[in-house]
Amino acid sequence: MSGMFGKAKSCAECNLVLLGEMGCGKSALTVKFLTKRFISEYDPYLEDIYSSEEFVDQQLVTVRVMDTFDQDGPVNCERYLSWANAFLVVYSIDNMESFERCQSYLQTLDQRNKTFKPQAPIILLGNKLDMNRYRLVQVSQCDGELLASRFGCLFFEVSACQDFHSVQHVFYEAVRSAKRG
Ligand code: GDP
Ligand code: MG
């Protein structure tokens, strides 16, 4: 892998991959991070890589974001397993199915981190926090924390349609954790 936080400080790079069930808000989070805007309707079948120059802790980093589309969970994952420096595994707090889907992603990534070097840190991310009032019957914050601790990942809850800085913070934490290795 070339130049990932390499010797020349000016050419740091970090590849982030967003994974999660269709509809959990991966594209909305990606667009929010890149443009500060919430785009409510986004082609659900679109998968793409975006690039942005970001200052993270006073260091210029080329952050590349792969906004994935997986029909059936973690199958055909070769395209991102070796490319990624860090993963954001996303679910929607108002959707238990999307949370369960995260477990299969986390298992796949756990295997990946046993075979690939360097390791790629993982952040578990509950999205749609604005739907908090509906979540009593869905995914609690405690559920998220437990799952994250089982797989040794960081955990956050955000909303793609609310505060930009909370979303930016999560992406920056992913960059920081990749830097730490
Ligand atoms: P993806 O399939 O994971 O890329 O999901 P999308 O980003 O396309 O979002 C799926 C749907 O959830 C869209 O209708 C979005 O408007 C909606 N959505 C995404 N993020 C949020 C959020 O934080 N809050 C709410 N209420 N809706 C969201
Ligand atoms: Mg999408």
Side-chain angles (χ1 to χ4, degrees), residues 14-52 54 63-81 83-109 112 120-145 147-148 151 153-175 178:
C14 188
N15 295 343
L16 304 180
V17 174
L18 275 80
L19 299 171
E21 186 169 79
M22 187 169 163
C24 68
K26 299 177 297 297
S27 300
L29 288 164
T30 301
V31 172
K32 182 77 164 196
F33 171 63
L34 295 169
T35 69
K36 303 189 179 165
R37 297 209 181 110
F38 176 63
I39 307 291
S40 66
E41 288 311 319
Y42 208 78
D43 179 354
Y45 300 100
L46 192 68
E47 173 164 308
D48 215 338
I49 296 175
Y50 307 88
S51 185
S52 174
E54 302 284 333
V63 179
R64 294 191 200 89
V65 182
M66 186 191 290
D67 172 26
T68 62
F69 163 68
D70 275 340
Q71 189 101 51
D72 308 305
V75 283
N76 302 320
C77 11
E78 293 74 21
R79 70 190 182 285
Y80 52 73
L81 284 184
W83 183 82
N85 299 121
F87 294 96
L88 292 163
V89 177
V90 185
Y91 64 92
S92 170
I93 66 154
D94 66 349
N95 183 325
M96 184 52 87
E97 233 180 79
S98 71
F99 183 66
E100 282 158 6
R101 179 58 62 85
C102 282
Q103 311 197 18
S104 51
Y105 277 112
L106 290 172
Q107 275 154 5
T108 301
L109 297 182
R112 178 247 182 237
I122 305 158
I123 289 180
L124 179 65
L125 182 58
N127 186 37
K128 308 198 187 180
L129 194 55
D130 58 292
M131 303 295 273
N132 207 10
R133 64 189 178 282
Y134 299 115
R135 83 156 153 188
L136 284 179
V137 287
Q138 295 295 337
V139 192
S140 73
Q141 185 176 352
C142 189
D143 292 335
E145 279 163 1
L147 183 62
F151 286 91
C153 32
L154 289 171
F155 171 65
F156 297 96
E157 290 184 333
V158 292
S159 172
C161 61
Q162 291 179 331
D163 177 43
F164 163 71
H165 288 102
S166 319
V167 173
Q168 186 189 47
H169 178 70
V170 172
F171 281 77
Y172 281 13
E173 279 298 293
V175 172

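Whatever order the structure lists them in is the order used to number ligands and atoms, beginning at 1. In what follows, residues are counted from 1 in the order of the sequence shown.
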Visitor: What's the separation between atom CG in L18 and atom NZ in K26, rounded to the nearest 0.5 Å?
Guide: 8.0 Å
Visitor: Out of all atoms in ligand 1, which are within 4.0 Å of some heavy atom of E41? Include the element for each.
Guide: 14 (O)
Visitor: Decide whether an N or O pair under 3.5 Å exists between G23 and ligand 1.
Guide: yes
Visitor: Is there a heavy atom in F38 that sits closer than 4.0 Å to ligand 1?
Guide: yes
Visitor: Is there side-chain contact between F33 and Q168, with at least one heavy-atom pair below 4.5 Å?
Guide: yes
Visitor: Rounded to the nearest 0.5 Å, what separation is found between the CD1 atom of I93 and the CG atom of L129?
Guide: 5.0 Å
Visitor: For ligand 1, which atoms sit closer than 4.0 Å to a heavy atom of S40?
Guide: 13 (C), 14 (O), 15 (C), 16 (O)
Visitor: Can you tell me if an N/O/S atom from M22 lies under 2.8 Å from the Mg ion (ligand 2)?
Guide: no
Visitor: Is the closest side-chain donor-acceptor distance between D70 and Y80 under 3.5 Å?
Guide: yes
Visitor: Working to the nearest 0.5 Å, report the span between CZ of F38 and CG of D130.
Guide: 7.5 Å
Visitor: Is it the case that ligand 1 has an N or O less than 3.5 angstrom from some N or O of L129?
Guide: no
Visitor: Between ligand 1 and G25, is the shortest N or O to N or O distance under 3.5 Å?
Guide: yes
Visitor: Run the contact test for G20 against ligand 1 with a 4.0 Å cut-off on heavy atoms, strictly below, and give the result.
Guide: no
Visitor: Between M131 and ligand 1, find which residue part has any heavy-atom pair under 4.0 Å and reply side chain, backbone, both or neither.
Guide: side chain
Visitor: Out of all atoms in ligand 1, which are within 4.0 Å of some heavy atom of E21? Include the element for each.
Guide: 3 (O)
Visitor: What atoms in ligand 1 come closer than 4.0 Å to a heavy atom of A28?
Guide: 7 (O), 19 (C), 20 (N)
Visitor: Consider every N or O of D67 and every N or O of ligand 1, then say whether any pair is closer than 3.5 Å.
Guide: no
